[in-house]
Amino acid sequence: MRRKRTVTENARDFGLPPHAAKNKVTVEGRLLDAAAGSGLQETLTIEWRTKPQVVQVIDMPVHSLYYNPGTHRIQAQRSYDPLLDRRLDEDPWSDESQNYLDSLLKAEPSDPSKRDKDFDALQQSLSDFRQNEPGLITREGILVNGNTRAAALKELGVSEIRVAVLPESCTWADINRVELSLQLRHDTRRPYSYINRLLTIDEQVEAGRPLKEVARDFRIRESTAEQDLWVLNCLRDLTERSSANGVQLRLLDFEDAQERLREVHRAYAKESKANIERAELLKENRLAAIVMNFSKTDLRLIEPDFRDRYLETRLPEELKPAPAAAQGRVIPGLNRTVKAEVPQVAAARAFTDSVLRAKAVVRAKAGKVPAAEQEEASALFNAAHSAVERALEPAGKDARVRKRKQAAPDRLNDACEDIEQCITDMVLASAANNLDEEALDEAVLKLRATLTKLAQVTARTIQVPGDGVEWLRDAVQQDPS
């Protein structure tokens, strides 16, 4: 299992690349040439140690530059190939490691085996219009910003890239901070992928920055940042629980689940205020559905009692494992301990674990797991998916019935709000001496007719009327018309 990379490691000193000295000579020579030139000099303003700093822009041979091994842009995607990820940690400047970074920069965030369409769009833009803005490097030729553009330019066969140059006193901590501040600028840069954004927020908070300050940098509300951290902790929990036969799911496997995960948090936060055990059931049931890639609409049908009411009778026996002796555990992101010995919660977790492990085995690369085990895991995963799919049918029917039951009261409440607004409008119109009394009288007669119909329907449908219905019936009966 791949160990979790800490904040210290993300900002650690990766040392200098092999041709650092040669690059430094080239950079300093070109800086001198730019300063000596008579034309307008191009500069870039960056945030440097909490203050604005203007740095000089030059052209550099793109093939002489190195991708930043600590870039936040592909932080989650590095785990795509554990062996290359480990070698990247050991020697970030080797051709093998730099080529791995190059491939990840071009890859789809949710599936690095595929080429990213956004990368192709960026490359086409560079081909048509060249660079709109410069990248950023250290004097040793390490790309702080513009890694993806460099990859695109290399593939296009462009020899030079425009880059600004950081001050000579630059450290790896500076590189980390500057890269983040530039990536979060509100411009045309490709935003971080969902998981990389979560990891970066977490990194900043773990480094000691106040959450409110981090949220401001990301241009989100503090409550949204709290939600993101809760989701990340859930995902880390899921990946650890998916470990089976030497394989496990990765954070990037949840790259496309952003909206569904946010809905889980909102529902969990609401339910936990009333009943923490029901909130845990809701969370486990919906997370299992996300692992099986059910839609956001499907997730909304899954309530805390989903398993007991709809799923239990449809589950095959192999998906009803006896839960192990439960222990107290901490709710991700809230630092509260839950008594997991509650049987329903333990059963829900056991089901989610089965689905997680089966998916991890199914998605394992060829040769990692014996074919027979993959077939067995695939059969188990498909059986779970089929059971949930069949359980969603009656859940959906019941939800539609509940919605119909609430439709009439909701419409009456809306009508009451409209009448309240009508009263305000009448007062204003009367004060301005422009109230159309004839039109109002016609509208009131229509209201009387409608209320009469409503009273007649309640007489046929409601056997034991409450105070409101009783008033309505009496009012209609007393109407002399």
Side-chain angles (χ1 to χ4, degrees), residues 194-195 197-206 209-241 251 254-311 326 328-342 344-349 351-353 355-356 388 392 395 398-399 402-403 406 410:
Y194 177 53
I195 300 299
R197 188 168 69 85
L198 299 185
L199 290 169
T200 305
I201 291 173
D202 180 64
E203 173 190 309
Q204 295 298 301
V205 172
E206 288 296 316
R209 294 187 64 199
L211 184 61
K212 186 174 184 179
E213 183 181 308
V214 175
R216 186 175 63 248
D217 284 351
F218 277 83
R219 295 178 176 82
I220 58 177
R221 295 188 298 271
E222 187 175 359
S223 59
T224 303
E226 289 174 348
Q227 180 187 72
D228 286 341
L229 293 177
W230 185 92
V231 167
L232 180 59
N233 283 326
C234 275
L235 294 183
R236 282 172 169 161
D237 180 52
L238 290 178
T239 57
E240 289 175 5
R241 289 162 58 187
L251 291 176
F254 297 92
E255 190 72 67
D256 294 330
Q258 175 175 345
E259 290 305 317
R260 288 173 289 164
L261 289 165
R262 284 181 168 176
E263 284 223 351
V264 171
H265 174 266
R266 285 192 289 267
Y268 178 88
K270 182 179 179 180
E271 191 69 44
S272 64
K273 292 176 182 177
N275 188 311
I276 194 66
E277 290 168 5
R278 284 176 58 82
E280 281 293 299
L281 277 171
L282 176 70
K283 184 187 74 165
E284 285 297 330
N285 289 337
R286 291 195 178 188
L287 287 177
I290 289 175
V291 174
M292 290 181 279
N293 206 32
F294 282 96
S295 70
K296 184 165 65 174
T297 304
D298 290 332
L299 257 66
R300 290 171 181 167
L301 300 175
I302 299 176
E303 297 294 340
D305 59 358
F306 176 76
R307 182 186 175 102
D308 288 342
R309 293 187 63 186
Y310 308 109
L311 182 60
R329 58 191 183 82
V330 176
I331 305 170
L334 295 183
N335 200 28
R336 278 197 220 158
T337 301
V338 174
K339 293 180 180 179
E341 66 268 18
V342 175
Q344 294 92 333
V345 176
R349 280 182 63 83
F351 176 69
T352 305
D353 289 348
V355 173
L356 284 165
V388 172
L392 284 169
D398 286 353
R402 288 194 298 271
K403 190 173 182 180
Q406 289 297 318
D410 286 346

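Val264 places none of its side-chain heavy atoms less than 4.5 Å from the side chain of Val231. In this structure, the side chains of Leu211 and Gln204 stay at 4.5 Å or more apart for every pair of heavy atoms. Considering only heavy atoms from C-beta on, Ile220 comes within 4.5 Å of Arg197 through its side chain.
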- [ ] Take Arg307 and Gln344, measure what side-chain contact (heavy atoms from CB on, under 4.5 Å) needs, and give me the verdict at the end.
- [x] CA-CA 9 Å; Arg307 182 186 175 102; Gln344 294 92 333; over 6 Å; no

Open item on the list: Test side-chain contact (heavy atoms from CB on, under 4.5 Å) on Val388 and Asp298; report intermediate values, then the result.
Closed with: CA-CA 10 Å; Val388 172; Asp298 290 332; over 6 Å; no

TODO: Start with the C-alpha gap between Arg402 and Asp398, add the side-chain angles, then the distance that decides, and say whether side-chain contact (heavy atoms from CB on, under 4.5 Å) holds.
DONE: CA-CA 6 Å; Arg402 288 194 298 271; Asp398 286 353; 3.7 Å; yes

- [ ] Take Thr224 and Phe218, measure what side-chain contact (heavy atoms from CB on, under 4.5 Å) needs, and give me the verdict at the end.
- [x] CA-CA 10 Å; Thr224 303; Phe218 277 83; over 6 Å; no

Open item on the list: For a salt bridge (charged side-chain N to carboxylate O under 4.0 Å, His left out) check, start with the C-alpha distance between Glu284 and Arg241, then their side-chain angles and the critical distance, and finish with the verdict.
Closed with: CA-CA 12 Å; Glu284 285 297 330; Arg241 289 162 58 187; 3.0 Å; yes

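By the side chain to side chain donor-acceptor pair (under 3.5 Å) test, Glu213 pairs with Arg209, sequence neighbours left out. Residues forming a ring-ring contact (aromatic ring centres under 6.0 Å, His included) with Phe294 (at least two apart in sequence, or on another chain): His385. With sequence neighbours excluded, no residue forms a salt bridge (charged side-chain N to carboxylate O under 4.0 Å, His left out) with Glu222.
Distance check: Ile195 CD1 to Leu232 CG gives 7.5 Å after rounding to the nearest 0.5 Å. Taking CG of Asp256 as the reference point, atom CG of Leu261 lies at 10.5 Å (rounded to 0.5 Å). In this structure, the separation between CG on Leu299 and CD1 on Ile290 is 5.0 Å, given to the nearest 0.5 Å. Remark: Leu301 CG to Asn285 CG distance equals 12.5 Å, nearest 0.5 Å. Atom CD1 of residue Ile276 and atom OH of residue Tyr268 lie 3.5 Å apart, to the nearest 0.5 angstrom. The CG atom of Leu287 sits 10.5 Å away from the CE atom of Met292 when rounded to the nearest 0.5 Å.
Leu281 and Ala348 get closest at one heavy-atom pair: CD2-CB, 4.0 Å. Smallest separation of non-hydrogen atoms from Ala395 and Phe306: CB-CE1, 4.0 Å. A pairwise comparison of heavy atoms in Thr352 and Ala288 identifies OG1-CB, 3.6 Å as the closest pair. Here the shortest heavy-atom pairing between Glu277 and Val345 reads O-CG2, 3.9 Å.
One finds a salt bridge joining Arg236 and Asp202 here, because a Lys/Arg side-chain nitrogen approaches an Asp/Glu carboxylate oxygen to under 4.0 Å. Looking at Glu271 and Arg286, no side-chain N of the basic residue comes within less than 4.0 Å of a carboxylate O on the acidic one, giving no salt bridge. With salt bridges taken as basic N to acidic carboxylate O contacts below 4.0 Å, none links Glu263 and Arg260.
No more than 12 heavy atoms of other residues, nucleotides or ligands shown are found within 6.0 angstrom of CZ on Arg221.
Using cut-offs of 30° and 60° on the angle between ring planes, the pair Trp230 and His265 is perpendicular.
Looking only at distances, no side-chain donor or acceptor of Asp237 sits under 3.5 Å from a matching main-chain atom of Asn233.
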